[in-house]
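A short write-up of the structure that comes next.
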Protein chains: 2
Amino acid sequence: MRAEIIAVGTEILLGQINNTNTTFLAEELAGLGIEVYYQSVVGDNPQRLEEALQLADQRSDLVVLCGGLGPTEDDLTKQVTAKHLGQELVTDKRGYQNLLAFFKKRDRPMTENNRLQALVFKDGESLQNSTGLAIGIFYQSPAGISYLLLPGPPNELKPMFFNEAIPLLQRHFHQDEYLISRVLRFYGIGESELVTKLTDLINGQTNPTLASYAKPNEVTLRLTVSTIDKSQGEQKLDQLEKEILTRVGDYFYGYGENNSLAQVVVDLLKKNQQTVSAAESLTAGSFQATLGSISGVSEVYPGGFVTYSKKTKEQFLELDSEMLKKYGTVSKECAEEMALQTKKLAHSDFALSFTGVAGPDSLEGQSAGTVWIGLASKEGVQSYLYHFAHDRDYVRNSAVMAGLNLLRKKLTK
Amino acid sequence: MRAEIIAVGTEILLGQINNTNTTFLAEELAGLGIEVYYQSVVGDNPQRLEEALQLADQRSDLVVLCGGLGPTEDDLTKQVTAKHLGQELVTDKRGYQNLLAFFKKRDRPMTENNRLQALVFKDGESLQNSTGLAIGIFYQSPAGISYLLLPGPPNELKPMFFNEAIPLLQRHFHQDEYLISRVLRFYGIGESELVTKLTDLINGQTNPTLASYAKPNEVTLRLTVSTIDKSQGEQKLDQLEKEILTRVGDYFYGYGENNSLAQVVVDLLKKNQQTVSAAESLTAGSFQATLGSISGVSEVYPGGFVTYSKKTKEQFLELDSEMLKKYGTVSKECAEEMALQTKKLAHSDFALSFTGVAGPDSLEGQSAGTVWIGLASKEGVQSYLYHFAHDRDYVRNSAVMAGLNLLRKKLTK
């Protein structure tokens with residue numbers, strides 16, 4: 001089966017935004033065993049989109065279009081594709097109810113053009129949008145070519161793909177042999193080093209296959225087996241996983257595409273019925289915001305401090321100003337006192353502290369990327385020095401991930 | 001003139017890497033007044049690359065290929081394109097000297113396949129590579145179509161584009177007219193409503209053009225004029241901007257692609273020499289982390305609190321437990337007290353508070369998305385009730401943006 005992806009949008013064509021939707025879709029389709037042979041981009045132009053559809057009809061079995069489902073004049077993917085396929089556009093009832101509810105809740109008038117977002121093909125299937133308003137469409141033509149239309153905003157496209165498109169694609173493109181995937185997540189090892197340690201496994205076998213993906217501050221491995229029997233497939237994955245973990249198990253922290261270090265830490269704390277607090281300087285709340293993104297975190301996280309200035313370190317955490325003067329705020333001593341005081345003030349089982357130089361400028365004679373992290377527990381306090389690279393955001397993200405990993409290690413010891 | 005970009009590489013087709021080269025090239029070409037009409041991606045496959053070249057010959061005047069110039073078996077862009085055009089491959093002397101020098105310096109043997117990187121078209125022009133080994137190629141066919149071949153690694157492609165390709169393109173495609181763009185940013189109005197108010201401007205004119213882009217919780221408008229005279233072009237943009245702001249100026253907050261509400265707020269506080277603090281419940285530090293992402297924020301932001309639980313609201317902010325019991329934590333009263341206490345404790349000019357229901361579950365009988373934001377200043381405190389939609393992350397992000405906008409309005413009053 002040959003698939004192709006057509007991203008629609010002048011902003012992509014002009015290089016104003018990265019075409020991350022195509023990357024996402026290509027990776028996910030590969031995971032479903034659907035091979036992408038072509039990717040293309042066309043602007044918000046009916047004639048060129050029609051040309052792209054004609055070309056796709058000649059060479060592909062599945063055509064995935066993303067973008068151009070919104071309410072404005074230049075959103076024309078649905079209209080052009082409907083015309084191309086001779087499909088009538090009708091209103092999706094559930095989508096229309098959502099539209100009405102959305103504007104009612106905000107007490108804003110629903111302009112007429114919004115109705116376009118609930119239009120679908122008469123003979124197609126609708127894909128609901130849990131994070132936005134534009135409804136997706138799946139349609140199989142009499143010629144046997146399938147079309148999948150998805151919205152452009154990534155925060156709408158991704159949930160729709162996971163929740164609606166995957167089950168639908170699996171149903172329509174049922175294969176005797178199917179793919180089972182398992183994702184292993186690693187922290188603390190670079191992709192090139194990980195891949196070097198697994199070279200023979202990556203090159204030497206075709207079933208299961210093994211692919212690595214570098215993400216900011218972590219690496220994931222996707223193991224994929226093609227099988228006609230679930231338990232046989234799982235067994236093969238177990239074997240491969242065992243071999244991988246023998247080599248790089250020290251860096252492994254969890255399973256799953258939608259997992260994260262924060263999720264693992266929150267799960268461990270829940271299991272232990274323990275709590276964590278934090279005092280953040282350079283990370284300015286990022287660590288706590290990352291915890292806060294996990295649903296149900298309130299069980300294990302009461303709150304904490306952002307002590308960005310020296311003064312708030314003294315005021316909120318009652319740190320000794322003489323100590324701060326002597327050692328500076330970017331110091332082992334400051335990190336450890338921050339953690340100990342936070343644990344005390346928040347009455348938590350653990351407390352993390354973050355102090356350092358986000359950059360771009362150096363601070364107190366210490367270079368950008370220098371970070372101290374403290375971890376207080378009932379056994380006392382420990383602190384750790386890091387030198388992170390790259391820009392301000394990367395330094396802050398690296399510090400948050402390092403803090404999460406310190407706590408994870410403490411909780412699994 | 002119609003240009004198209006073909007990125008070559010199976011790793012892009014499978015979604016293993018983002019196609020940032022195409023984004024870069026599209027934006028740079030637009031800046032040179034060269035309009036990109038098509039973008040496509042093909043894998044490392046000679047037949048499909050040949051097909052892509054045939055298609056490009058039919059529809060484009062300039063074909064930019066990137067990737068596949070390296071030394072390995074799957075690098076075949078140069079070979080396939082040479083064959084397609086009937087061009088002989090010859091060794092570029094300067095490129096070959098570079099190759100020899102590179103391996104000599106590293107005291108490593110030069111394997112035979114490296115020679116491929118110095119091959120160029122007999123009747124083309126060579127583009128030297130200041131950061132790598134693969135030489136680029138520019139060629140004009142007897143049919144009048146131009147081909148530009150560039151290497152795949154971004155750290156080679158970008159310098160080659162700036163140093164070698166731009167002068168060459170300007171020489172070959174001298175244009176009197178070039179493009180000037182201006183980006184206007186809006187908060188508090190949906191894309192559909194904004195576009196409805198500007199329909200006639202969007203549809204009624206071709207120079208300048210006007211395009212809207214929806215981002216999470218904001219909308220940007222890009223005004224682009226094609227001109228032979230800079231000040232004349234700027235004047236046209238001024239006129240259009242004035243007309244736009246007459247209609248939707250209430251929602252306008254700033255200029256520029258890389259601007260943000262947080263940047264605008266930090267700039268205003270710096271200008272006024274004032275400071276802001278915050279106490280966050282449902283946002284769990286996101287507001288402060290957003291401020292923290294702005295370089296130089298330490299001048300205007302000393303720190304703040306994350307009071308996720310009821311207990312930390314009492315402990316850190318010394319809120320009255322009777323008040324909390326009476327009104328609940330998701331209340332006007334709680335939001336106002338949080339803001340007032342934070343302003344006092346942090347000795348700041350302004351303090352924001354965030355309390356509400358991130359979801360997915362409801363809290364204290366209030367539905368997910370219900371958020372109170374308090375804003376304390378020397379004039380007292382005000383509070384605002386919101387009902388945000390969608391998922392947990394969206395609710396939190398919406399609250400952060402609403403808080404930034406409240407402060408911006410206060411600062412510009």
Side-chain angles (χ1 to χ4, degrees), chain A residues 10-11 13-16 18-20 22-27 30 36-43 48 70-74 102 105-106 111 113-114 131 153 155 213 283-286 288-289 291-293 295 298 301-309 311-312 315-316 345-346 360 392-393 396, chain B residues 13-16 18-20 22-27 30 36-42 48 191-193 195-196 199 202-203 211-214 216 222 283-286 288-289 291-293 295 298 301-309 311-312 315-316 345-346 360 387 389-394:
Chain A
T10 301
E11 69 278 23
L13 209 50
L14 295 182
Q16 290 163 1
N18 271 316
N19 186 4
T20 53
T22 295
T23 310
F24 166 80
L25 290 169
E27 189 174 2
V36 173
Y37 278 63
Y38 306 95
Q39 295 174 2
S40 56
V41 178
V42 289
R48 286 195 284 282
T72 70
E73 293 262 339
D74 57 3
F102 177 88
K105 194 166 177 188
R106 274 169 190 66
T111 52
N113 54 359
N114 274 294
T131 52
N155 69 327
Y213 306 96
T283 48
S286 301
Q288 296 171 81
L291 285 181
S293 69
S295 180
S298 56
Y301 164 68
F305 304 90
V306 188
T307 53
Y308 209 66
S309 69
K311 215 165 183 179
T312 51
Q315 288 167 346
F316 298 172
L345 293 167
R392 189 173 171 85
D393 279 340
R396 287 156 26 108
Chain B
L13 209 50
L14 295 182
Q16 289 163 1
N18 272 316
N19 187 5
T20 54
T22 295
T23 310
F24 166 79
L25 290 169
E27 192 171 7
V36 173
Y37 278 64
Y38 307 95
Q39 295 173 1
S40 57
V41 177
V42 290
R48 285 195 285 280
E191 188 190 17
S192 57
E193 195 183 343
V195 164
T196 302
T199 304
I202 291 170
N203 297 334
S212 68
Y213 306 99
R222 183 186 287 259
T283 48
S286 300
Q288 295 171 81
L291 285 181
S293 69
S295 182
S298 56
Y301 165 67
F305 303 89
V306 188
T307 52
Y308 209 68
S309 69
K311 215 165 183 179
T312 52
Q315 288 167 348
F316 299 172
L345 293 167
H387 296 285
H390 306 318
D391 64 7
R392 188 173 172 85
D393 279 340
Y394 199 82

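The chains referred to below are lettered A, B, ... by the order of the sequence lines, with proteins before strands, and numbering in each begins at 1.
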Under the salt bridge (charged side-chain N to carboxylate O under 4.0 Å, His left out) test, residues paired with B:Arg222 that sit two or more places apart: B:Glu257
Looking at side-chain heavy atoms only, is the closest gap between [X] and [Y] below 4.5 Å?
{"X": "B:Ser40", "Y": "A:Tyr38", "answer": "no"}
{"X": "B:Tyr394", "Y": "A:Thr131", "answer": "no"}
{"X": "A:Tyr308", "Y": "B:Leu291", "answer": "no"}

Quick check on the interface: out of [options], who has the most heavy-atom pairs with chain B under 4.5 Å?
{"options": "A:Thr111, A:Thr10, A:Leu14", "answer": "A:Leu14"}
{"options": "A:Thr20, A:Thr312, A:Asp74", "answer": "A:Thr312"}
{"options": "A:Gln288, A:Lys105, A:Glu27, A:Gln39", "answer": "A:Gln39"}
{"options": "A:Ser286, A:Pro153, A:Ser295", "answer": "A:Ser295"}

For residues [X] and [Y], report the shortest heavy-atom separation together with the two atoms involved.
{"X": "A:Gln315", "Y": "B:Leu345", "answer": "OE1-O, 3.7 Å"}
{"X": "B:Gly303", "Y": "A:Phe316", "answer": "C-CE1, 4.0 Å"}
{"X": "B:Ser192", "Y": "A:Pro71", "answer": "CB-CG, 3.4 Å"}
{"X": "A:Leu13", "Y": "B:Tyr37", "answer": "CD2-O, 3.4 Å"}

Is [X] close to chain A through its backbone or its side chain, or both, or neither, when contacts mean heavy atoms under 4.5 Å?
{"X": "B:Thr199", "answer": "side chain"}
{"X": "B:Ala211", "answer": "neither"}
{"X": "B:Val195", "answer": "side chain"}

Pairs of heavy atoms under 4.5 Å with chain A: top-ranked of B:Asp393, B:Thr307, B:Asn203, B:Thr283: B:Asn203
Selection from B:Lys311, B:Glu193, B:Arg48 maximising heavy-atom pairs under 4.5 Å formed with chain A: B:Arg48
Intermediate values then yes/no, side chain to side chain contact (heavy atoms under 4.5 Å, CB included), B:Thr23 and A:Asn18: CA-CA 6 Å; B:Thr23 310; A:Asn18 271 316; 2.8 Å; yes
